[in-house]
Each structure stands twice: as structure tokens, then as C-alpha cells.
Number of protein chains: 2
Amino acid sequence: MTVSITDVARAAGVSASTVSRALRGRPGVSDEVRTQITAVAAELGYTASRSASSLASGRTYTIGVVAPYIGRWFFGTVLDAAEQVFSAAGYDVLLYNLGSSEARKRFFTKMPVRKRVDAVLSLLIPDEEESAALRSLGVPLASTVGGARPGFTVVGIDDRAGAESAVRHLVNLGHRRIGMIAGASGPLHWTTPIDRRAAYLHVLAEAGIEHDPALVADGDYTVDGGERAMTELLATSRPPTAVFAQSDEMAMGALRALRRHRLRVPEDVSVVGFDDHELADVVGLTTVAQPVAGQGAEAARLLLRQLDEPDSAPAGRVEMPIRLVLRDTTAPPRPRGPQ
Amino acid sequence: MTVSITDVARAAGVSASTVSRALRGRPGVSDEVRTQITAVAAELGYTASRSASSLASGRTYTIGVVAPYIGRWFFGTVLDAAEQVFSAAGYDVLLYNLGSSEARKRFFTKMPVRKRVDAVLSLLIPDEEESAALRSLGVPLASTVGGARPGFTVVGIDDRAGAESAVRHLVNLGHRRIGMIAGASGPLHWTTPIDRRAAYLHVLAEAGIEHDPALVADGDYTVDGGERAMTELLATSRPPTAVFAQSDEMAMGALRALRRHRLRVPEDVSVVGFDDHELADVVGLTTVAQPVAGQGAEAARLLLRQLDEPDSAPAGRVEMPIRLVLRDTTAPPRPRGPQ
DNA sequence: AAACTGAACGCAAACGCTTGCGCAACAGCG
DNA sequence: CGCTGTTGCGCAAGCGTTTGCGTTCAGTTT
């Protein structure tokens with residue numbers, strides 16, 4: 001039915017071991033025989049069974065990638081880049097979408113990656129319990145987005161610095177009532193929302209602006225959530241003149257809400273986002289740019305390096321550059337009359 | 001080192017076969033022994049090796065998903081939905097990103113999915129040669145997006161009807177010079193761009209409007225491409241008063257180009273897109289909505305059904321509903337003076 | 001009481017590879 | 001011309017499951 005290594009061996013008049021060595025570039029095969037075997041294998045359309053070879057060798061040539069919300073631009077882009085690096089290196093990618101909490105629970109109880117992968121890349125740093133579970137797999141681990149964790153190579157950005165530059169930009173423009181559309185950490189325990197919030201508070205304090213809790217709303221990292229959050233902020237007794245959204249998608253939701261309220265951006269309200277989403281440019285969104293695909297590719301590369309040099313320690317945490325991109329959604333506040 | 005089925009068997013005082021049967025819910029094991037084995041397995045943290053079990057059984061409980069451009073909203077969303085269906089059914093997902101032509105070639109020459117998957121879902125209908133290669137795997141096949149192909153269950157939309165409704169909307173508003181930002185089929189041989197182009201031509205002809213080839217530009221299905229295409233159209237001697245973009249991402253690129261040219265939408269130029277992108281609402285884009293996640297989920301479900309009932313024929317082609325969504329980027333053309 | 005069930009379980013043979021080891025054959029050396 | 005290396009290849013023992021078949025044994029039927 002399907003062609004096996006012994007079929008190739010028979011057709012080439014050699015043993016299965018020789019075929020195995022020849023096809024994988026192992027020494028102990030003469031060039032002459034090797035090319036002959038390669039030709040026969042190609043003619044027969046032979047592909048080695050991954051199940052069999054990984055059972056025999058212990059190597060799976062597969063990387064597990066766990067990601068929340070693949071459909072979201074950020075994670076989709078990271079995944080895309082990481083996958084390209086892996087597949088170029090001959091690794092297959094086993095994808096686990098842990099967006100829902102059931103999926104998350106299913107994954108961590110059944111641990112379907114056990115004995116199935118050579119390494120795991122998590123697109124979001126898992127919480128302590130979950131990372132312990134991953135460590136128990138005994139394979140190299142990497143993560144994008146989030147703080148350092150023992151056993152993990154993580155590539156990320158300086159969230160505090162990024163958020164600070166965004167808020168400071170608003171302060172420098174003269175804004176005093178600055179709102180924030182925060183991302184709740186939700187079921188995922190990542191440090192990003194926390195760091196960005198801390199940065200917001202820090203810059204306000206630094207500028208001598210008193211923090212008004214009513215000016216912070218949760219946007220859930222989605223467009224719709226951002227819209228709801230902005231609507232909330234507009235409903236307060238003294239709405240903000242500027243808003244820092246912790247992601248571009250929430251910022252875009254905010255833009256939508258503002259449009260619905262017939263408020264002009266940036267004349268009535270300034271908005272700054274975070275990420276430099278592919279479409280941020282389209283809507284002219286001022287934002288903090290970070291290398292999204294770059295982080296995925298870099299994390300993948302570091303993981304591959306660990307596989308090549310098993311005794312090298314995990315790389316710890318590497319930081320990618322960020323940059324404030326000024327566009328059209330931020331301006332000085334409108335002068336107002338006395339309240 | 002890692003715990004195997006014989007470890008469990010020894011600890012439970014039974015044979016490996018009994019453990020195997022017990023854990024997979026096969027008959028031939030008393031309830032008493034079964035619960036005891038389950039407990040022991042849990043205590044030892046046992047997970048069956050997929051390599052070994054698929055080698056022995058022939059089943060891999062893995063689905064291969066091949067997708068172009070995972071980072072793009074459309075495919076990311078389809079993938080997300082499909083993955084959820086698969087993993088809920090206990091299948092793992094092996095992801096292959098075939099965005100670049102090298103990746104594509106690598107995939108179809110090495111065929112890494114051979115003997116590795118129980119079924120394949122392609123997020124884009126492959127060309128005839130490639131689908132023949134997939135058929136040679138001898139597993140159920142499904143695809144989203146594109147026309148029917150032998151051996152494939154495909155779920156898609158009526159591209160012609162969708163595009164017609166978009167262009168007809170522009171005609172009904174009174175536009176006569178209607179441009180199109182097309183998507184080149186590029187290295188991928190899918191029918192979508194062709195169908196949408198045919199629909200465009202058809203509606204023009206139907207309305208008695210002569211087709212001007214200068215009003216069609218290629219946008220490559222990207223935001224940047226859309227911007228370039230729109231810029232091209234604006235550079236013609238008689239620019240269009242309305243544009244039909246074959247995807248929302250290209251439409252958003254067009255919006256950006258128009259903004260850069262200080263042209264107002266919809267007063268100066270109307271724009272209609274296709275897809276109902278997550279952010280289409282944010283920019284107020286009129287578009288043809290299609291169920292994106294729905295197509296991924298449905299294709300996944302149909303594939304699983306084929307796996308459950310091996311003798312059932314592939315479902316052929318199922319069509320999902322589309323709907324024109326009117327927003328703010330389309331309006332009647334501005335009355336003009338004589339030319 | 002003997003013969004016949006069926007359920008519950010163990011044995012052992014696959015499944016298709018990888019890899020340590022052994023064995024020719026042959027080259028180079030003194 | 002014997003000796004030691006080296007090269008090229010085959011043998012066979014795994015790797016951790018699944019599964020057809022055989023065995024045991026308690027319970028039922030004649």
C-alpha cells in the first residue's frame with residue numbers, strides 16, 4: 001500500500017539501514033550508493049514515516065506552538081513568522097490554540113505534546129503553574145510576550161518604556177485628563193497589561209497629575225472591548241481629552257466609539273495605541289511600534305539554537321526595540337473655557 | 001525516564017494490552033480494573049506516545065492544515081475556528097504555512113504530511129497538480145475558499161454573486177466610472193479573483209457601461225498593494241468615482257491612498273470592499289460580508305464527519321451566505337460639470 | 001456432571017524506522 | 001606478506017504501542 005523503507009531497500013538492492021543512512025545524510029554510505037538510493041526513493045515517492053522514525057530515534061522534528069487567539073493580528077503575525085523559521089529548518093509545527101479556558105484546561109491536563117515535540121514555543125508567557133507543566137516535558141522552551149520565567153527563553157519588549165513614551169507624548173502635548181483603555185489580564189497571567197498600567201500611573205505621577213480611577217476602563221484587547229471602554233470613559237462626568245489604549249485594536253474600537261459620538265480625532269480627543277498594527281497606518285493612528293513578526297522569528301531561532309546545542313543554557317530574556325510612531329490621532333488639547 | 005505503558009501495567013498489576021484497552025475505552029476490561037488503571041495512569045502522569053500508537057494503529061489523530069499567509073486576518077480567522085473544532089474533537093493540528101513559493105515547493109516535494117495525518121484541510125483550494133499530490137495521500141481532504149475539485153469537500157461562498165452585489169450597489173448609486181482593485185491570482189491558482197473580476201465585468205455590461213481596462217489595478221490582496229493600486233487609478237486621465245476592492249484589506253489601502261490625495265470618502269470617491277474584516281466597521285467600510293470563522297469551522301466539521309464515516313463520499317461543495325453591508329464609504333457620485 | 005458459553009485478560013507479533021555492533025574487503029604500512 | 005586501520009555495508013535489537021488470537025475461569029445450559 002504505502003511504500004516503506006524496505007521497499008526502497010529492495011528496489012535499490014541494499015539493506016534498510018543503508019537506505020536510512022543514505023537518505024538522512026549520515027556517514028557510512030558511499031556517494032555512489034547514496035545517489036542511487038536517493039534516485040530510487042524519489043522514483044517510488046518514498047517519505048519516511050515520522051511516527052516510526054521518531055519512535056526509533058526519540059526525535060520528532062516537531063515544535064509545539066501554543067497560542068491564544070490566532071485570529072488576532074498580533075498572534076497571527078507572530079505565529080506566521082515563527083512557522084516560517086521552523087519549517088525552513090525542517091521542523092513541523094503542531095499548533096494549539098488556547099484562546100478559550102476549556103481549550104487551555106484540556107491542553108494542560110492531557111498534555112498532548114508530551115512525547116510529541118522536541119521543543120515548545122508559547123506565544124504568551126504561561127503562568128507559573130502552566131510553565132511548570134511545560135518544564136516537566138523536559139524540552140527546550142521559549143516564549144514571546146511577557147516577563148522572564150525560569151527555563152524559558154523569552155523575547156519581548158520593554159513594555160514599561162513603551163507605554164511611558166506613549167503617555168509622556170500625551171503629557172507633552174499638554175493633556176492633563178488622560179484616560180487609559182487597559183487590557184485585563186483575564187484568564188492569562190501575563191505581565192504586559194500590568195507593566196503598561198504601571199507605566200501609565202508612573203508618567204502621570206511624574207507629571208504631577210492626579211490619577212482618576214474613573215479614567216481607566218477595560219477593553220479586553222479587542223476592537224469591541226475598546227469601543228465599550230471608550231464609551232464608558234465618555235460617559236464619565238469629566239471625560240478625558242486623550243486616551244492611551246494598550247493595544248491598537250482597542251484604540252481602533254475607541255476611534256469607532258468617538259466617531260459614533262461625533263467627536264473628532266484629534267481635535268476633541270487624542271488617541272494613542274500600542275503595537276503598530278498593520279492597519280494603524282490606514283486610520284492614521286499614533287502608536288508604539290514593536291517588531292511583531294521579528295519577535296516570532298527571533299524566538300523561533302533561539303529555540304532552534306537550543307536544539308542544536310543542547311548544553312547551551314536558555315538565552316534568558318532578549319529585548320526588541322520599540323519606537324513611538326506619530327501619526328494623526330494625537331494633538332494638543334483644545335483650549336477650553338472655564339468649567 | 002519517561003513513563004511508558006509497561007510502567008503503568010506493572011504498577012497496576014496487569015498487562016500492557018489491558019492498559020491500552022482500558023485507557024482508550026475499548027471493551028474487554030472490567031469496570032473495576034479499568035478505573036484502577038485510570039487511577040494509576042493519572043498518578044504516574046502517563047501519556048501514550050503518539051508516535052508509537054500511530055505506528056501501531058495507523059491512526060495519527062492529527063490533521064494537517066495548509067494555509068497561505070496566516071498573518072492575514074482572513075486566513076488567521078479561518079485557521080482559528082478550524083483549530084478549535086479539531087482540538088475539541090481530540091485531534092492535533094499540524095500547521096503548514098505556504099505563503100512563500102519556496103515553502104510551497106518544499107511542502108509539495110517533501111510532502112511532510114505523508115503518513116503523518118489522518119486528513120488535510122487546505123485553507124485555499126490548491127491547483128490541480130497540487131491537489132493531485134494531496135489526493136495521493138489517500139486521506140480525506142477539505143478546503144475553504146475556491147471552486148470545486150474532485151476529492152475535496154469545499155466550503156466557500158458564491159464569489160460571483162457577492163461581487164455582483166457590490167458592483168451593482170455602486171451602479172445603483174449612479175456611478176458610471178467604476179474601478180476595481182483586483183487580486184492577482186499570483187502563485188496560487190484560486191478562482192476567487194477570477195470570479196470576482198468576471199462579476200465586475202458582468203455587472204458593468206449589464207448596466208451598459210463600457211469597460212475601461214485602465215480602471216482595473218492589482219492590489220495583491222494586501223493593504224499596501226491596495227494603496228498602490230488606488231494611486232494608480234487616481235493617476236489615470238479620468239479617475240473612477242467609485243472603486244470595488246476585492247478584499248477589505250485592499251479597500252483599506254485604497255482609503256489610505258485617498259486620504260493622502262486629500263480626497264474625501266464617499267463624497268469624492270466611493271469604496272466598497274469584500275470580506276467584512278474585523279476592522280471594516282471601524283473605518284465605516286461598505287463591504288460584502290461572508291462568514292469567515294464559519295467557513296473554517298464548517299470545513300473542519302465536514303472533515304471530521306468523513307473521518308467518522310469513512311465510506312461517506314466527500315460533501316462536494318457547500319455554500320455559505322453572503323450579505324452586502326452598507327456603511328459610510330459609498331454614496332452617489334458628486335454631480336460634475338461637463339467634461 | 002459434562003459440555004458449552006462469554007467475559008476478562010495475557011501473549012506475541014506486528015508497525016517502520018534508527019543505530020550499535022560485527023564483518024568483509026581493501027588500502028597502506030613496515 | 002602479515003598486520004592494522006578504514007570504509008562500506010548488513011544484522012538485529014530495540015522504540016512504545018495496538019490487536020488478533022489463545023487461555024482461563026465463572027457461570028449457564030443440556
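We use all heavy atoms of the structure for the numbers below, so side chains are in, but hydrogens, waters and symmetry mates are not. Bear in mind the structure is a predicted one, so any value in this text is a computation, not a measurement. We name chains A, B, ... by the order of the sequence lines, and we start the count at 1 in each one.
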Is a salt bridge present between [X] and [Y], judged by a nitrogen-to-oxygen distance below 4.0 Å?
X         : Y         : answer
Arg135(B) : Glu130(B) : no
Asp92(B)  : Arg116(A) : yes
Arg305(B) : Asp308(B) : no
Glu102(A) : Lys105(A) : no

### Task
Go through residues 36-58 of chain A and report each residue with a non-hydrogen atom lying under 4.0 Å from DNA chain D, sorted by number.
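Contacts with DNA chain D under 4.0 Å: Leu55(A), Ala56(A).
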
### Query
Does the side chain of Arg24(B) get closer than 4.0 angstrom to OP1 or OP2 of dT19(D) through an N or O atom?
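Checking Arg24(B) against dT19(D): at least one side-chain N or O falls below 4.0 Å of OP1 or OP2.
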
### Query
Does the side chain of Thr18(A) get closer than 4.0 angstrom to OP1 or OP2 of dC9(D) through an N or O atom?
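Result: no.
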
What is the separation between atom [atom1] on [X] and atom [atom2] on [N], rounded to the nearest whole Å?
X         : N       : atom1 : atom2 : result
Arg116(A) : dT17(D) : CZ    : P     : 13 Å
Ile5(A)   : dC9(D)  : CD1   : P     : 15 Å
Asp7(B)   : dC15(D) : CG    : C1'   : 14 Å
Arg26(B)  : dA8(C)  : CZ    : P     : 16 Å
Leu23(B)  : dG16(D) : CG    : C1'   : 14 Å
Glu32(A)  : dA25(C) : CD    : C1'   : 15 Å

### Message
A side-chain contact here means heavy atoms from C-beta on lying under 4.5 Å apart; do Arg50(B) and Arg114(A) qualify?
### Response
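Result no, sub-4.5 Å side-chain heavy-atom pair not found.
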
### Message
Measuring only between side-chain heavy atoms, which start at C-beta, is Leu134(B) closer than 4.5 Å to Phe152(B)?
### Response
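Heavy-atom side-chain distance check passes, below 4.5 Å.
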
### Task
Establish whether the base of dC11(C) is bridged to the side chain of Ser17(B) by a donor-acceptor pair shorter than 3.5 Å.
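Such a pair exists between side chain and base.
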
### Message
Reading DNA chain D from 5' onward, which residue's closest nucleotide shows up sooner: Arg21(B) or Arg34(A)?
### Response
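Between the two, 5'-proximity favours Arg34(A).
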
### Task
With Arg104(A) as the cation and Phe107(A) as the aromatic partner, state whether NZ or CZ is under 6.0 Å from the six-membered ring centre and within 45° of the axis.
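No.
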
### Query
Which is true for Ser30(A) with a 4.0 Å heavy-atom rule: it touches a base, it touches only sugar-phosphate, or it touches nothing?
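Answer is sugar-phosphate: Ser30(A) comes under 4.0 Å of backbone atoms only.
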
Would you mind telling me which of [options] lies closest to the side-chain atoms of [X]?
X         : options                   : value
Lys115(A) : dT17(D), dC9(C), dG16(C)  : dT17(D)
Ser20(A)  : dT19(C), dG10(C), dC9(D)  : dT19(C)
Ser15(A)  : dA12(C), dC17(C), dG10(D) : dG10(D)

